[in-house]
Amino acid sequence: FKKEGGIAAFSRQSAQGLSINGLLYAAVDGCLLYVNSELYGPTDEPKLRYLAQRRRGTEIQVVPCDAAFTDTDGDDVDERSPTFFLYDMRKESIEEAGYSIGFTTVIIVSLLGFSLIFSSDAESIANQLVVPIRQLMKDMSHTAKLELDKVTPPSGVVQSSVFEVRSLQAAFHNLNIAVRSFSKFTPLEVVRHFLSLGAVAQLGVVERNVSIFFSDIAGWTTICEKTQPIDVLKLLSEYFESMVSIIIEEQGTMLEFIGDAILAIWNAPNDVPDHATRAVRSSVRMDAVLQKMREAWQANGRPEIHIRVGLHSSRVFVGNLGSNMRMKYGVLGDGVNLASRLEELNKRYKTDCMISQSVLDEPGVADAFYVRPLDLVHVKGQPQPSRIYQVLGMREASECDVQMREIALVSQQAFRAYMEQRFDAAIGHLRTIAGIRGGEDDTGQVLLERCQEFLENPPPPNWDGTEVSSDR
């Protein structure tokens with residue numbers, strides 16, 4: 001700390017010395033060089049050292065120095081004398097805080113300036129990079145859930161000049177096309193089900209209570225013989241498009257097309273509590289849609305389509321059938337066979353939609369639809385006879401509601417009389433139904449003729465009303 005002319009300036013920063021105002025006390029080699037009497041007043045060295053010890057590291061900094069070695073008493077032994085400085089750190093701290101605030105202010109102003117200068121460039125980068133990637137992530141999420149209708153159409157995709165982003169968009173576009181194509185071959189409900197499980201599909205079935213839907217086009221062979229193949233394809237495509245849309249809207253699972261026939265189920269793989277009601281309502285809606293489509297077909301000189309529907313509710317096996325290399329989601333069991341038999345029985349009873357007793361027993365069906373009991377039949381392959389019904393329509397429908405209700409009521413009376421072997425009364429009720437329908441009742445003709453036969457040739461004593469069906 002010595003230099004020519006007195007005490008050298010010192011500081012914790014090498015490039016800057018201490019101001020005289022900050023110096024409190026200086027002692028070198030035991031000699032008091034300086035005391036700031038304005039801050040502390042006249043005092044002695046011990047008090048100043050005690051004060052420094054109490055306030056060290058906060059407001060006052062003690063700066064010890066190397067002692068000067070001198071032989072003051074001539075005994076050839078150097079003696080160490082106290083050499084130190086006391087410095088008021090408050091002024092330096094204030095100075096440092098000022099410098100820090102000033103530096104931070106400069107940085108903030110610089111950043112603001114750069115943000116204003118490059119804001120347009122940043123917006124461009126966001127439009128070229130961030131926005132397309134965010135849109136792509138959202139579309140990928142929809143595709144993973146098979147919510148294909150929510151995926152952004154090609155016309156709405158945000159274009160990017162970044163090569164990598166464009167490559168990602170093109171790859172996803174191809175993937176989305178593949179998924180859409182694949183979804184046309186496999187029921188979406190089935191694929192969504194396995195996606196929710198988070199596992200690869202494997203062979204296996206489970207037993208579930210489902211409602212099974214079978215439909216067939218009446219006289220389809222004749223239509224094909226009289227129509228050009230390309231026209232047949234167009235007609236069938238229009239028909240399938242409308243029918244499948246109704247099945248999906250009613251939460252059904254479209255399983256497969258068997259020629260002109262449709263096989264669908266409700267309550268698998270997804271739970272549908274009112275599966276029977278939805279299955280029957282699908283049939284009624286199909287008939288209403290086909291009536292409008294037939295008008296258009298007739299106006300264009302095209303063949304008309306009429307369908308027959310069989311519905312049955314039963315516990316069957318549903319799941320993945322086939323092999324590990326190729327499988328399909330299908331259904332197995334006697335219940336499937338009975339639904340197919342009911343569809344065939346429509347020919348005999350001149351009906352368009354027939355349901356089994358098990359369908360009518362499902363919650364909500366009897367309250368939602370007018371039905372007409374037709375017969376008690378024992379079809380091939382079934383251990384027990386089944387009571388069968390014609391679906392007349394929905395109870396909530398306003399048109400023809402009175403007629404439907406009267407036919408349903410009188411039909412129940414006719415069938416009850418038939419089962420009780422009161423064949424005269426049954427014939428009377430059936431003729432009443434014919435009068436309600438304008439004089440003809442093709443549907444009741446089967447039961448009417450049987451009642452007339454039993455009047456001439458009574459059934460055996462053990463007769464329970466069952467008719468054995470000869471249909472395959």
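Here the structure is a predicted model, which is why all the values come from computation and not from measurement. Side chains included, hydrogens not; waters and symmetry mates left out as well; all remaining heavy atoms used. Counting from 1, the numbers follow the sequence of the chain as shown.
Checking Tyr389 against Gln357 by side-chain atom types alone, a donor-acceptor pair falls below 3.5 Å. A donor-acceptor contact closer than 3.5 angstrom is absent between the side chains of Thr466 and His378. Of the N and O atoms on the side chains of Ser313 and Ser358, not one donor lies less than 3.5 Å from an acceptor on the other residue.
Distance CD1/Ile212 to CG/Leu255: 9.5 Å, rounded to 0.5 Å. Considering CE of Met327 and CD of Gln202, their distance stands at 8.0 Å, rounded to 0.5 Å. Summarising the geometry, atom CG belonging to Asp231 is positioned 12.5 Å from atom CD1 belonging to Ile223; distances are rounded to the nearest 0.5 Å. Taking CG of Asp139 as the reference point, atom CD of Gln169 lies at 9.5 Å (rounded to 0.5 Å). Here the CG-CE distance, from Leu290 to Met286, works out to 8.5 Å after rounding to the nearest 0.5 Å. Rounding to the nearest 0.5 Å places CZ of Arg308 at 15.0 Å from OH of Tyr349.
Counting heavy-atom neighbours within 6.0 Å of His306 NE2, excluding the residue itself, gives a total above 12.
The two residues Gly259 and Leu236 make their nearest non-hydrogen contact at O-CD2, 4.5 Å. A pairwise comparison of heavy atoms in Ile407 and Ile436 identifies CG1-CG2, 3.9 Å as the closest pair. Minimum interatomic distance between Val371 and Ala408 (heavy atoms only, all atoms of both residues): O-CB, 3.5 Å. Here the closest non-hydrogen pair linking Cys353 and Asn346 is N-OD1, 3.4 Å. For the residue pair Thr253 and Pro269, the shortest heavy atom distance occurs at OG1-CD, 3.6 Å. The heavy-atom pair separating Tyr329 from Ala268 by the smallest distance is OH-CB, 3.7 Å.
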From CA spacing to verdict: side chain to side chain contact (heavy atoms under 4.5 Å, CB included), Ile433, Arg372: CA-CA 11 Å; Ile433 295 174; Arg372 175 181 181 175; 3.9 Å; yes
Take Val379 and Leu338 through the test side chain to side chain contact (heavy atoms under 4.5 Å, CB included) and record every step on the way to the result. CA-CA 8 Å; Val379 299; Leu338 182 54; 3.7 Å; yes
Should Asn174 and Asn176 be marked as a side chain to side chain contact (heavy atoms under 4.5 Å, CB included) after you check the CA-CA gap, both sets of side-chain angles, and the distance that decides it? CA-CA 5 Å; Asn174 294 332; Asn176 189 49; over 6 Å; no
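Contact check for Trp220 versus Val232: side-chain heavy atoms found under the 4.5 Å cut-off. Side chains of Val157 and His173 form no contact here, defined as non-hydrogen atoms less than 4.5 Å apart. With contacts defined as side-chain heavy-atom distances shorter than 4.5 Å, the pair Val391/Ser283 does not qualify.
Between Tyr418 and Trp463, the two ring planes are perpendicular [angle over 60°; tilted spans 30° to 60°].
The pair Asp334-Arg315 does not count as a salt bridge, with every side-chain nitrogen at least 4.0 angstrom from each carboxylate oxygen. For the pair Glu238 and Arg302, the salt-bridge criterion is met [side-chain N within less than 4.0 Å of a carboxylate O].
Each salt bridge (charged side-chain N to carboxylate O under 4.0 Å, His left out) pair with one or both residues in residues 148-177, not counting sequence neighbours, appears once here: Glu147-Lys150. Legend: side chain to side chain donor-acceptor pair (under 3.5 Å) pairs involving residues 420-434, not counting sequence neighbours, sorted by first then second residue: Glu420-Arg422.
Looking at Arg341, Lys347, Arg348 one by one, the single match for salt bridge (Lys or Arg N to Asp or Glu O under 4.0 Å) with Glu344 turns out to be Lys347. For the side-chain contact (heavy atoms from CB on, under 4.5 Å) with Thr104, the lone residue among Ile101, Ile108, Ile107 that qualifies is Ile108.
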